[in-house]
A.B. asks: 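Before I ask anything, let me first share the structure, which is written out below as structure tokens.
FYI, side chains are in, hydrogens and waters are out, and symmetry mates aren't considered; it's all heavy atoms of this structure. Atoms within each ligand, like the ligands themselves, are counted from 1 in listed order.
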Amino acid sequence: MDRGVRDGFTTTFGALLATLGSAVGLGNIWKFPSLTGSNGGAGFLVVYLAATLLVGLPVMIAETMLGRTARADAVTTFDRLAPRGQGWWKIIGWMGFAAALLIMAFYSEVAGWVYAYVFKAMMGEIATTDPKAAAVVFGKLVSDPVSSLIWQWVVLGITGVIIAFGVSKGIEAVARKLMPLLFVLLLVLCVRSLSLEGAGRGLAFLFDPDFAKITPAVMLTALGLAFFKLSLGMGTMLTYGSYFREDQNIPATAARVMFADLSVSLLAGIAIFPAVFAFGFEPAAGPSLVFMTIPAVFTSMPGGVIFMTLFFVLTAVASVGAILSLLAVPVAILSERFGLARKTASIATIAMIGLLGVPAALSQSLTAKTTLFGLNPFDLFDFVSSNVLLPLGGILIAVFVGWVYGLAEPEKRMAAEGPMLSRMAIKTAFFLVRWVAPLAIGIVLLNGLKVF
Ligand code: PFF
């Protein structure tokens with residue numbers, strides 16, 4: 001049993017890359033474009049950017065710092081840091097446990113579609129710029145219960161194998177080497193997409209905001225995306241922070257990850273939206289958007305089939321870091337609190353996700369009509385995690401750090417963390433954690449859920 005033995009990142013650069021690996025994933029390539037498209041474009045982007053800068057970044061700093069201070073899983077951290085008699089702060093960790101399972105239930109399904117598209121790209125099945133033909137291929141995949149389940153299980157199976165063979169560090173290292181290639185491929189896509197006739201309309205959709213489209217529900221979705229993107233509000237960054245070295249510069253790490261992550265999302269947006277308008281796709285298509293539009297852009301350039309295949313391979317690879325970080329939360333809790341060996345804890349977590357994943361995977365077929373609040377299981381898991389649990393976790397973390405744990409101790413430690421940090425930057429981050437984050441999240445959450 002490896003209880004109590006805490007591994008850690010051996011270098012500060014390694015910790016930065018792992019954090020980046022958690023943030024960058026299907027969220028950039030799949031979720032960001034599809035939500036931007038279905039929430040009106042540029043206005044949504046403005047709110048998302050504000051949420052990332054004013055709420056996401058400070059919460060990321062606060063959450064990571066909590067983990068490094070307590071050096072424990074997301075539940076035990078609050079046992080260690082909360083004042084006597086306030087054990088209920090542990091709810092943050094348990095909510096994170098639930099959020100990780102809910103997110104994985106649909107994330108593994110989307111990763112499954114990406115795997116399936118690797119083969120479809122190779123066979124030339126998706127080499128079309130015709131919206132109708134593209135919709136047929138995607139529709140066939142997601143409405144077939146058997147293939148939906150199988151692809152999800154392939155993803156979970158591969159994840160299980162990576163963990164069981166103890167090669168996650170190696171795989172992550174390979175993934176990191178491949179990520180610059182995905183970046184380059186996105187750049188190529190952007191150039192091609194921007195040179196299509198009618199590209200201007202896509203750019204206007206993405207960058208010329210129509211503020212009338214920003215409703216409370218749109219604001220909540222943008223805030224939820226900011227949390228989802230940076231893996232915040234559910235203990236992932238806390239758990240990763242617990243493996244950070246003492247000399248890791250947390251604010252600088254968080255800022256770098258945030259900027260890199262934003263760049264990838266923006267590139268994906270610039271690759272997709274001009275093509276959406278040029279080829280006559282529907283910007284509000286939802287989850288299918290990237291699966292139809294990206295192949296269309298590749299189809300319109302030489303060597304399309306090869307690049308298309310490579311693109312889906314790299315996207316699948318990019319999802320690995322995010323998936324491993326999602327598992328890290330329940331695995332740390334199960335192993336550190338219940339004394340399970342890490343491998344056993346991982347397999348148990350994957351089994352729970354496998355069960356919860358079934359209704360999500362069947363959401364376009366057998367469970368399409370099984371709805372709650374009008375949402376099928378896939379959409380419900382997404383909504384409850386991104387738009388409820390993560391913001392709620394975020395507000396609790398901000399209040400805990402800003403008001404309960406206090407800022408004196410972290411301020412002292414961070415000030416000692418290197419020349420990159422001016423006192424101004426620290427003061428600004430703490431002001432945001434203490435005042436802006438709780439108020440902004442509170443108002444957006446209550447409004448978005450129609451509580452007032
Ligand atoms: N940030 C990941 C992405 O955008 O793909 C998804 C994610 C990973 C969300 C880990 C939450 C998390 F804890």
Side-chain angles (χ1 to χ4, degrees), residues 17-36 48 51-52 56-57 59-60 63-64 66-67 73-74 92-114 155 159 168 172 175 179 182 186 221-243 254 257-269 287 290 314-333 349 353 381-394 397:
L17 291 180
T19 310
L20 193 61
S22 166
V24 175
L26 302 176
N28 307 70
I29 310 286
W30 165 74
K31 201 173 200 210
F32 168 78
S34 92
L35 287 182
T36 304
Y48 167 64
T52 301
L57 183 59
V59 168
M60 189 167 182
E63 185 176 333
T64 314
L66 280 180
D73 64 83
I92 297 174
W94 289 117
M95 276 169 29
F97 191 107
L101 297 188
L102 285 174
I103 291 177
M104 268 305 289
F106 69 87
Y107 203 84
S108 57
E109 180 58 24
V110 180
W113 299 340
V114 172
V155 171
T159 310
S168 51
E172 275 184 275
M179 281 310 97
L182 179 61
L186 277 172
T221 303
L223 179 73
L225 178 64
F227 277 101
F228 183 90
K229 269 310 316 126
L230 294 175
S231 316
L232 298 177
M234 50 173 284
T236 304
M237 286 302 153
L238 187 155
T239 308
Y240 271 29
S242 77
Y243 305 127
V257 168
M258 183 201 72
F259 279 118
D261 180 68
L262 271 181
S263 332
V264 179
S265 293
L266 285 176
L267 282 187
V290 44
L314 292 174
T315 303
V317 171
S319 71
V320 174
I323 289 178
L324 291 174
S325 77
L326 275 158
L327 295 178
V329 177
V331 168
I333 294 174
T349 305
I353 294 164
F381 293 173
D382 186 3
F383 186 88
V384 170
S385 52
S386 302
N387 292 16
V388 183
L389 289 175
L390 305 193
L392 215 53
I397 289 170

A.B. asks: Closer than 3.5 angstrom, by distance alone: can the side chain of Tyr107 be matched with the main-chain N or O of Leu26 as a donor-acceptor pair?
C.D. replies: yes

A.B. asks: Is the backbone of Val384 close enough, under 3.5 Å, to the side chain of Asn387 for a donor and an acceptor to pair up by distance?
C.D. replies: no

A.B. asks: For the residue pair Ser231 / Ser325, report whether a side-chain donor-acceptor contact shorter than 3.5 Å exists.
C.D. replies: no

A.B. asks: Quick check for you: to the nearest 0.5 Å, what is the distance between Met234 atom CE and Leu102 atom CG?
C.D. replies: 9.5 Å

A.B. asks: Going from OG1 on Thr236 to CD on Glu63, what distance comes out if it is rounded to the nearest 0.5 angstrom?
C.D. replies: 7.0 Å

A.B. asks: Relative to the ring of Trp30, is the ring of Trp113 parallel (under 30°), tilted (30 to 60°) or perpendicular (over 60°)?
C.D. replies: perpendicular

A.B. asks: Mind listing the N or O contacts between ligand 1 and protein, cut-off under 3.5 Å?
C.D. replies:
residue, atom, partner, partner atom, Å
ligand 1, 1 (N), Ser22, O, 3.1
ligand 1, 1 (N), Ala23, O, 3.0
ligand 1, 1 (N), Phe228, O, 2.9
ligand 1, 1 (N), Lys229, O, 2.9
ligand 1, 1 (N), Ser231, OG, 3.2
ligand 1, 4 (O), Ala23, O, 3.1
ligand 1, 4 (O), Gly27, N, 3.4
ligand 1, 4 (O), Lys229, NZ, 2.5
ligand 1, 5 (O), Leu26, N, 3.2
ligand 1, 5 (O), Gly27, N, 2.8
ligand 1, 5 (O), Tyr107, OH, 2.4

